[in-house]
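For reference, the structure discussed in these notes is given below.
Convention: sequence-line order gives letters A, B, ...; per-chain numbering from 1.
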Amino acid sequence: MAETIDQIFVLAKDRFLDLLGIVLPDWIILLVRILISIAVLLAVAPVVMMYMTWLERKVLGRIQNRYGPNRVGIFGLLQPIADGIKMLTKEDIVPKNADQVIHFLAPVVIVIAPLLVLAVLPFGRNMIAADLNVGLLFFLGVSTFGVIALFMGSWASRNKYSLLGGMRAFAQMISYEIPMVLSVVPVILVTSSLSTAAIVEAQLGWKWFIFTPWGGFAALVFFLCGVAEVNRTPFDLPEAESEIVAGFHTEYSGMKFALFYMAEFISTFAISGLAVTLFLGGWDGPAFLPSWFWFGLKTFILILIMIWFRGTLPRFRVDQLMGFAWKVFLPFTLANIFIAALWALLPYPKNFIADTIGITVILTLLQIFNRKETPKKRKYLYAN
Amino acid sequence: MFGWGVLKGMLVTLWNFLLTYLWPKKGIFTVQYPEKKLPLAQRYRNFPFLVYDGTPHMIRCVACKICESECPPKCIYIIPEKDAEGRVQKKPAVFDIDYAICMNCGLCEEVCPFDSIFMDHEYEISKYNRAEDLMVRKEALLKPWEYFAKIRPHDFERIEAKRAAKSAKAKPVAPAEKPSQKPDAGPTSPQQGSVPKNG
Amino acid sequence: MSLPCAPTLKTELLEVSIGPQHPSTHGVFRMNAVLDGETVVKLKPVMGYLHRNHEQIAETLPYLANMPYTDRLDYICSMTNNFAYALAVEKLAGIDVPERAQYLRVMMAELTRLVNHSLLIGFLLNDLGAWFTPVFYAFREREKILDFFEAVSGSRMMCNYFRFGGVKADLPESALDQVRRIVRDYPRFLDEFERLLAGNEILKSRCQRVGILPKELAVNASITGPMLRASGVNYDIRKADRYSIYDRFDFRVPLGMTGDVYDRYYVRVLEMRESVKILEQVLKQMPEKGDILSAKGLQACRAPRMWKPPAGDAYGRIESPKGELGFYLVSDGSPKPYRYHVRPPSFINLTVLEDLCIGQKIADAVIILGSIDIVLGEVDR
Amino acid sequence: MNIQEIKDDLIKAIPNLPLEVEGSSFVIPKEKFLSVARFFKESPKYSMDYVSCITAVDYPAKECLESVNHLYSMQKKQGPVVLKVRVPKENPRMPSLTALYRGAEFQEREAYDLFGIIYEGHSDLRRILLWDEFEGHPMRKDYVSEDQEL
């Protein structure tokens, strides 16, 4: 029974294809098999995005001692739909001097990347749209592609704020791409595979990488870089609303604006999903609940943490952001590859000790070399 | 250690997040407005209204025009009533307040020597038209003295006591004052000072 | 910074007009900034979008009728605006203020300081990118104070509570309990606020060593209020002038050491703690009963159009939450002021905006503006 | 601080100063204005390092504009010394305090904007509250706005 529920989506798909197989030839079945996966992803992703906006507003509201949306439907559950209708019916304003074609293309292009990367995420046991043997590489490669669309939008808007936002976005994404990839390298090193499904399988049975010394820190770095990668607080400089109004999407309105948001939220989901896959054991979990539930739960928790960040943290400044990537994350992730190699090489108790020492040393060194930038505690005088 | 302060801050927000579920009364300070409304303080002041005793014909205002001249943004417009012979009566024929201009300062209430204009508690007065709808005429401004007793019981008691004392004093001498012809004439009796002392 | 390829690469400065419609100019304020990349090389403040010639209006009205207009100057702390104006008129006409009214005035002024500072810190953090959480926490506490203001004066923000020679009305019943509750709970809120923010490394690295205002420049440029004290100058008009009854209270003046944005933020936090201390003393010392309006004041308030102060001029100033708020009045013996001038603290504190911003990033320019604490109603008048 | 005492000190420091005492303020000719201000700023007894309020008053009867300057001392926590300068309305020119105090910058611009006093030596004397194309100086008593005749 548990097995059936676990595989329910896979079984449903197979049953459906079996039924079709009675009347249709094999090659069409193959095509339909692919199309079903695509259709499901394309249908689920916007819904996920819609309810993530709802979740974000709700959680932020609660963090700020208020209710959040609660007027449209019970618990405000229909709020995203109301928002969607509003977005669709809003006037679409294009600046007169904007580059019309690129201004139109940017929001269309920007949603492609986050939708594509969903294909390689294992949502549950056997639930992966395309089990590429270079799945991880595909994910990292394609997700970078979003920044081009972002820059298209900012450049074509002919707005100074947009331009600043686009510049920031480019600098930030490229800088954070490096520590992000480097923090993934230990995982590849240990599992010796680039396939996301294989990485999850290597972690089955509570051998999640986050529980290893190198994995814990790599997960932290990966997650923070991921936050930076999807432009969320405290790394939301490209759209810093208090500084450059709305950054790259200043000049977008209506549905185009919504598409930018959709891209952001789907990438948030995808990055959380990848973090779960790489470090939190993917869909692994106690067997009494189905595997896709565990994947969903872990992703949900990571998304909650991102929303929690947004509700608490102020934003970095552009030079500090860069400094963080190049002076903290990059050296750490480089050292972390070595530490992970030690883990893979040595037998159990020894590797644990070696890793702990290695991490302590690198953290201390980072602390020492960055002490100039670390803020100090202040003293205040009182006059009578 | 870098990051400790961030964690402490995040715990504060987490605590506030949980508080809204565990103890909503303390955690959430939003009021669900159209369904629930906050109680207004008795002294709450919004736009002015005119008081009548008993029936709407018994307007307490004597059209002395003090409020009109004291009003800082000049939003009050008064024309006293005239009888057939053209003599000015102690009653306003026209009493308009432009709510679009009024800035709710409450000075009219303070300077009125006849306790006839007071600040209302009504605040849901959105209108579609700025020019016509917000120019409020005498008929719309009039509200019974009992209404005032309901919204501001403390001030009601104080003013009733003052009025009782005044009428007891005034009765043996003269039942009514002369209609004030000069609009700028201030109040004549020192007891009519309208600065409330206790509320 | 000069790169080796700089001569061949054609670069241009970017002129950005930040405002008047911008999320963090706190109203319709404009900064004409010239940027080199992200760095500000030139910045000119442009104001006047909210100018309504307040002074001109005031010269056409009797003295008391200007009181509600002063509420609209710095609409966050209307009580202190009233205070300064009342003080100036009292100085002009030599009106005395009864004991209980003095305590009420100080109470209102210090509560206003709490409101203003907590709001400012909330909005400063908002400029820093903490998405509205500090603002809402500040609003939560401000709400309680505004409820008290409403109970006493009838209005939450446009209080119009002060009168020449006293205050408009005595406290209603149980209002004092409200204050006691505020005074009791406020330190707890400040602790929470501090846990949320003060130790936050992102905030510290954003604010420390940013927009440093040197002591000498601060004095020379007539900077007042918390901004001056953050630069380490010990000057608080409550201490220097000892107006009203501030000499009766025991409180200290917190001073910053560097004069950067962080100091400006933290000095305000410390000042709020001192204000709570003053409020505690007010509650302890305030006489149970007593007049709230002196006889001379009653004259001035009963028939404003008839009341004529003697000819002469007077300058009354107080330590408003934003700095020195002064009213300069010239009377020619008529019921209307001949000349009425406001010395708005946030307007003059803007003098050094350009000096603070040059060489900083555009993100810093925004928080520097936030830390100056401007309210456009007051800047533009 | 006694006004008489200040006056004595001032006369001692700056001889031949035509000085008038009016209430608690000094009326000084505009030629001597800067040197008087400098005396108050630099003399160790007063050290008026802080200019609090600069404004102007229009006296159409006397055909003059009066500039009112309040000086305080942050260092000694004393003050104010009020310096008044009267300039004729046809040619309202007077020296700027910005040479001594940065704090005078915006306030003098405001007085220029609303009263039309031209501060000589001010580095950036533009309109500040009103827009650049505005004509006239609205705080003068004889100013008639466009819609006032209606």
Side-chain angles (χ1 to χ4, degrees), chain C residues 44-56 59 215-224 228 233-237 239-242 311-317 323-330 332 338-345 347-355 379-381, chain D residues 22-25 41 47-61 66 68-80 82 84 97-98 100-111 113-115 124 126-132 134 137-141 143 145 148:
Chain C
K44 287 276 171 223
V46 182
M47 53 199 96
Y49 293 93
L50 204 60
H51 183 55
R52 51 207 186 274
N53 222 340
H54 176 79
E55 295 173 7
Q56 179 83 291
E59 282 166 21
K215 216 170 173 172
E216 295 72 35
L217 178 64
V219 174
N220 198 257
S222 301
I223 307 300
T224 43
L228 173 76
V233 183
N234 174 20
Y235 189 70
D236 188 321
I237 298 165
K239 292 275 188 192
D241 272 16
R242 300 191 171 266
D313 63 343
Y315 179 61
R317 56 175 202 159
E324 178 189 324
L325 176 66
F327 280 83
Y328 177 68
L329 297 171
V330 179
D332 57 351
Y338 183 75
R339 174 83 176 102
Y340 164 106
H341 175 70
V342 192
R343 186 244 186 243
F347 173 67
I348 292 160
N349 287 357
L350 278 174
T351 311
V352 290
L353 181 66
E354 188 178 5
D355 304 56
V379 173
D380 292 346
R381 279 159 294 143
Chain D
E22 205 175 75
S24 58
S25 50
K41 191 186 175 194
S47 67
M48 297 286 175
D49 47 7
Y50 163 48
V51 53
S52 165
C53 174
I54 294 177
T55 184
V57 189
D58 181 17
Y59 290 106
E66 183 184 84
V68 187
N69 307 272
H70 285 74
L71 303 183
Y72 283 85
S73 167
M74 278 192 183
Q75 207 182 340
K76 304 219 152 158
K77 297 201 173 45
Q78 59 189 12
V82 189
K84 288 181 176 171
L97 264 187
T98 43
L100 295 171
Y101 304 99
R102 263 301 291 285
E105 197 182 313
F106 277 19
Q107 305 198 53
E108 285 185 350
R109 272 178 74 183
E110 190 195 325
D113 192 353
L114 301 178
F115 284 91
D124 186 23
R126 289 177 292 134
R127 286 192 181 271
I128 188 164
L129 294 175
L130 301 165
W131 57 102
D132 289 341
F134 192 87
H137 301 284
M139 284 301 286
R140 289 191 181 183
K141 294 279 174 193
Y143 177 78
S145 69
Q148 209 164 301

* **Any donor-acceptor pair under 3.5 Å from R339(C) side chain to D58(D) backbone** =>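 Absent.
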At a 4.5 Å cut-off on heavy atoms, which part of [X] comes close to chain D: side chain, backbone, both, or neither?
X       : answer
P344(C) : neither
L228(C) : side chain
N53(C)  : side chain
V46(C)  : neither

* To do: Decide yes or no on side-chain contact (heavy atoms from CB on, under 4.5 Å) for V68(D) and Y315(C), but give the supporting numbers first.
  => CA-CA 11 Å; V68(D) 187; Y315(C) 179 61; over 6 Å; no
Could you tell me which non-hydrogen atom of [X] sits nearest to which non-hydrogen atom of [Y], and how far apart they are?
X       : Y       : result
Y338(C) : K141(D) : O-NZ, 2.7 Å
N234(C) : K77(D)  : O-NZ, 2.9 Å
V330(C) : Y59(D)  : CG1-OH, 3.8 Å
R102(D) : V352(C) : NH2-CA, 4.4 Å
Q56(C)  : P138(D) : NE2-O, 2.7 Å
S222(C) : G103(D) : OG-CA, 3.4 Å

* Could you tell me whether Y72(D) and Y235(C) have their ring centroids closer than 6.0 angstrom? =>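 That pair fails the under 6.0 Å test.
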* Based on non-hydrogen pairs under 4.5 Å, which of E324(C), K239(C), R317(C) is most in contact with chain D? ->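 If we count pairs closer than 4.5 Å to chain D, R317(C) comes out on top.
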* Stepwise, does the side-chain contact (heavy atoms from CB on, under 4.5 Å) test hold for K84(D) with D313(C)? -> CA-CA 12 Å; K84(D) 288 181 176 171; D313(C) 63 343; 3.0 Å; yes
Is it the backbone or the side chain of [X] that comes under 4.5 Å from a heavy atom of chain C, or both, or neither?
X       : value
K76(D)  : neither
S52(D)  : both
E110(D) : side chain
R126(D) : side chain

* I would like to know whether N220(C) and D49(D) meet side-chain contact (heavy atoms from CB on, under 4.5 Å); could you show each step before the answer? => CA-CA 7 Å; N220(C) 198 257; D49(D) 47 7; over 6 Å; no
* Angle class for the H70(D)/Y328(C) ring planes (parallel below 30°, perpendicular above 60°, tilted otherwise)? ->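 Aromatic pair H70(D)/Y328(C) classed perpendicular.
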* To do: Please examine the side chains of L114(D) and H51(C), heavy atoms only from C-beta on, and report whether any two atoms are closer than 4.5 Å.
  =>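 Side-chain contact under 4.5 Å: yes.
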* Quick one: does F106(D)'s side chain get under 4.5 Å of L350(C)'s, heavy atoms only? ->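 Yes; the side chains approach each other to less than 4.5 Å.
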* Asked: Rounded to the nearest 0.5 Å, how far does NE2 of H341(C) lie from CD of Q107(D)?
  ->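 Answer for the CD-NE2 pair, Q107(D) versus H341(C), is 6.0 Å.
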* To do: First locate atom CD of E105(D), then atom CD of E354(C), and finally report the distance between them rounded to the nearest 0.5 Å.
  =>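 That separation rounds to 8.5 Å.
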